Protein chains: 2
Amino acid sequence: MSTGAGTGTAAEDRVFAALANATRREVLRLLRERGPQPVQVLADHFDMRRPSLSEHLKVLREAGLVSEQRSGRQRIYRLEAAPLAEVQDWLHPYERFWRDRLKGLGDLLDRLPDDDRS
Amino acid sequence: MSTGAGTGTAAEDRVFAALANATRREVLRLLRERGPQPVQVLADHFDMRRPSLSEHLKVLREAGLVSEQRSGRQRIYRLEAAPLAEVQDWLHPYERFWRDRLKGLGDLLDRLPDDDRS
DNA sequence: TTGACTGGTAGGGAATCACCTACCTATTGT
DNA sequence: ACAATAGGTAGGTGATTCCCTACCAGTCAA
């Protein structure tokens, strides 16, 4: 609980809300695939005015998904993946549901709670 | 790509949008921990009128995250975890970013694109 | 210092969201 | 048939989202 990871609070909410928008997910993909980039380069990929992208970047920043580093008059945005690790943590308890289902015994487990063994 | 998984389309959008709401995430948790349940039992856990919960269930249904099975006058909702597997697939290419960062060589990788090796 | 450039903030508008109160349908029990 | 129960749909409202057009602040180059 050092970083407040996976507690199900406001931080979690901000991350999921940030990921709810396709433009913002695309920004994350660009930063992942092309490395850190200034705003304008990012903006070239979208059919959208720059101020709108700036607001998306703000949402991502407040969710901790990107960081900015000033370099002259540019702001270089960089992917910060740590909150995505928390999403994976959130996802983890669901994993056996799709795994088990693939093995064909999902129906049995679906009818059973899982908190007995937690 | 058989089920249209992870293509970055409307289906993906519906799943992320569904997960953006804390009430809906809580519904998923309840279905996971307690197994399939009728609407009313789910509704007891929320400070919200039943019609509102019904709409949340509709969003979850249209995202493929729950299914309903009619049993008399009840509707039993069940967790459908397959779309969450797609979220995990979406998450996967980001994984090395938080892993590598933990090892202290994140800065190097952050500055490099990753699509060369894809 | 003036002008170009980068990128954020202010404020507004249309659309969507999340809730509500009615109301409707279907099923079950008497 | 009638009343009660389960749960969805209709329609309305305030808040939030996502976009826009100005406009402002900081940096660099002449």
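Heavy-atom basis, side chains included; hydrogens, waters and symmetry copies ignored. Proteins get letters first, then strands, A, B, ... in listed order; numbering begins at 1 in each. Nothing here was measured: the structure is a model prediction, and the numbers come from that model.
- Annotation: cation-pi pair B:Arg32/A:Tyr94 present, NZ/CZ under 6.0 Å from the ring centroid and within 45° of its normal.
- Here the C1' atom of nucleotide D:dA22 and the CD atom of A:Glu55 are 13 Å apart, to the nearest Å.
- DNA chain D is contacted by no residue of residues 57-66 of chain A, taking any non-hydrogen atom closer than 4.0 Å.
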Between the protein and nucleotides 28-30 of chain D, list every N/O to N/O distance that falls short of 3.5 Å.
residue: D:dC28; atom: O4'; partner: A:Arg73; partner atom: NH2; Å: 3.4

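- Partners of A:Ala43 according to the side-chain contact (heavy atoms from CB on, under 4.5 Å) rule, which considers only residues two or more places apart in sequence or in another chain, are A:Arg50, A:Leu53.
- OP1 or OP2 of D:dC19 sits under 4.0 Å from a side-chain N or O of A:His56.
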Identify every side-chain donor-acceptor pair in residues 59-67 of chain A under 3.5 Å, counting partners at least two apart or on other chains, and give the distances.
residue: A:Arg61; atom: NE; partner: A:Tyr77; partner atom: OH; Å: 3.3
residue: A:Arg61; atom: NH2; partner: A:Tyr77; partner atom: OH; Å: 3.2
residue: A:Ser67; atom: OG; partner: A:Glu80; partner atom: OE2; Å: 2.8

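- For the pair B:Gln40 CD and D:dG7 C1', the interatomic distance rounds to 9 Å; values are reported in whole Å.
- A continuous path of ILVMFWY side-chain contacts below 4.5 Å connects A:Met48 to A:Val27, so both sit in one hydrophobic cluster.
- Residues from residues 44-53 of chain B with heavy atoms under 4.0 angstrom of DNA chain D, sorted by number: B:Arg50, B:Pro51.
- Put simply, A:Arg75 has a side-chain N or O that comes within less than 4.0 Å of OP1 or OP2 on C:dG8.
- Note on B:Tyr77: a side-chain N or O is less than 4.0 Å away from OP1 or OP2 of D:dG8.
- Contact annotation: the side chain of B:Asp13 approaches that of A:Arg25 to within less than 4.5 Å [non-hydrogen atoms, C-beta and beyond].
- Atom CZ of A:Arg75 is separated from atom CZ of A:Arg70 by 4.0 Å, given to the nearest 0.5 angstrom.
- Atom CG of B:Leu84 is separated from atom NE2 of A:His92 by 13.0 Å, given to the nearest 0.5 angstrom.
- The backbone N or O of B:Pro36 sits nowhere less than 3.5 Å from a side-chain atom of B:Arg78 that would complete a donor-acceptor pair.
- Every residue two or more places apart in sequence or in another chain that forms a side-chain contact (heavy atoms from CB on, under 4.5 Å) with A:Gln74 is listed here: A:Pro38, A:Ile76.
- For the pair B:Glu26 CD and C:dA18 P, the computed distance is 16 Å after rounding to whole Å.
- Atom CG of B:Asp13 and atom P of D:dC18 are 10 Å apart (whole Å).
- Comparing C:dG8, D:dC18, C:dA18 against the side chain of A:Arg24 picks out D:dC18 as the nearest.
- For B:Gln88 and A:Glu95, the side-chain atoms include at least one donor-acceptor pair closer than 3.5 Å.
- Separating the CD atom of B:Gln74 from the P atom of D:dA4 is a distance of 19 Å, rounded to the nearest angstrom.
- A:Arg24 places no side-chain N or O within 3.5 Å of a backbone atom of A:His56 that could act as its donor or acceptor partner.
- Here the C1' atom of nucleotide C:dT27 and the CD atom of B:Glu68 are 15 Å apart, to the nearest Å.
- Taking side-chain N and O atoms only, A:Asn21 has no distance below 4.0 Å to OP1 or OP2 of D:dT17.
- Atom CZ in A:Phe16 sits about 16 Å away from atom P in D:dT17, given to the nearest Å.
- Contact annotation: the side chain of A:Leu19 never approaches that of B:Leu19 to less than 4.5 Å [non-hydrogen atoms, C-beta and beyond].
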